[in-house]
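Please read the structure below before turning to the comments.
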Amino acid sequence: MRTPIIAGNWKMHKTVAEAIDLAHGVCSAVENVSGVDVVLCPTFTALSAVKNIVEGTNVGLGAQNMYWEVQGAFTGEISPVMLAELCDYVILGHSERRQYFGETDEGVNKKIKAALAHSLIPIVCVGEDLTQNEAGETETFVGGQVKAAFDGLSPDEAATVIVAYEPIWAIGTGKTADPAMANGIIKTSIRGILAGLYGDSVAEKIRVQYGGSVKPDNVAGFMAQPDIDGALVGGASLKVDSFLALVEGSA
Ligand code: PGA
């Protein structure tokens, strides 16, 4: 049985003061919720402050990106060792990183390996754009991203990774994928590919989230799908009320 996981991707929102407020609000709101893992992913600048708030609560902490080297002359980058001091999760290969900052499948794979080597749980994002979707290329494209992401990972490592299926055309647009369709993509192009690589028992352990305009009024439809184990949430994670509704809708 896979425990659902709801992760709030705050993206480039919230000053440290605002992040502290939101984290306090979320922690007290979800205090009595069980049966779902809740993770907050603030910007790097707010990680340390939010760490102090989530410590000792049922809320986990993640970063939004990471470089794969341990240390060195890489101005502006953050290493797995640095993150391991602060948090347990790291979002890797988000489509905004791939789209605006030139991240490649190969780089994402290196980041996943580096994260695992430092006991960080990667939340690895995959998903097609509108053109690929309309051309009927979704399954091939997403399957390729999954194979590249998991390249060289042992079965134990693979089982730790969380995958987020986020169709790019659904992110921040208010358009969501049809839950049954998203489940179908996850089943064939994510869990199916992973079963081919590692066998059914490993593939059944890997948690796969849906992401892309998940809101309180549509979360239930996604959570009802057998292969969807939670959500990676942008916009609706920026307010306590809407985030709480998602968490409660997933428990
Ligand atoms: P959204 O973002 O919920 O605002 O669509 C999801 C994401 O990018 O992780």
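We count ligands from 1, going down the list as the structure has it; atoms in each ligand are counted the same way.
- The backbone N or O of Gly143 sits nowhere less than 3.5 Å from a side-chain atom of Ser189 that would complete a donor-acceptor pair.
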Pick out the protein N or O atoms lying less than 3.5 Å from any N or O of ligand 1, and list each pair with its distance.
residue: ligand 1; atom: 2 (O); partner: Lys11; partner atom: NZ; Å: 3.3
residue: ligand 1; atom: 2 (O); partner: Gly234; partner atom: N; Å: 3.4
residue: ligand 1; atom: 3 (O); partner: Gly234; partner atom: N; Å: 2.8
residue: ligand 1; atom: 4 (O); partner: Gly235; partner atom: N; Å: 2.9
residue: ligand 1; atom: 5 (O); partner: Gly172; partner atom: N; Å: 2.7
residue: ligand 1; atom: 5 (O); partner: Ser213; partner atom: N; Å: 2.7
residue: ligand 1; atom: 8 (O); partner: Lys11; partner atom: NZ; Å: 2.7
residue: ligand 1; atom: 8 (O); partner: His94; partner atom: NE2; Å: 2.7
residue: ligand 1; atom: 9 (O); partner: His94; partner atom: NE2; Å: 3.3
residue: ligand 1; atom: 9 (O); partner: Glu166; partner atom: OE1; Å: 3.4
residue: ligand 1; atom: 9 (O); partner: Glu166; partner atom: OE2; Å: 2.7

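- Comment: Arg98 engages Asp105 in a salt bridge, judged by a side-chain N to carboxylate O separation of less than 4.0 angstrom.
- Applying the salt bridge (Lys or Arg N to Asp or Glu O under 4.0 Å) definition to pairs two or more places apart or across chains, those involving residues 42-62 are Lys51-Glu55.
- Once rounded to the nearest 0.5 Å, the distance linking CZ of Arg97 with CG of Leu92 reads 10.0 Å.
- Here the side chains of Trp10 and Gln64 are in contact, with some heavy-atom distance below 4.5 Å.
- Of the N and O atoms on the side chains of Tyr198 and Glu204, not one donor lies less than 3.5 Å from an acceptor on the other residue.
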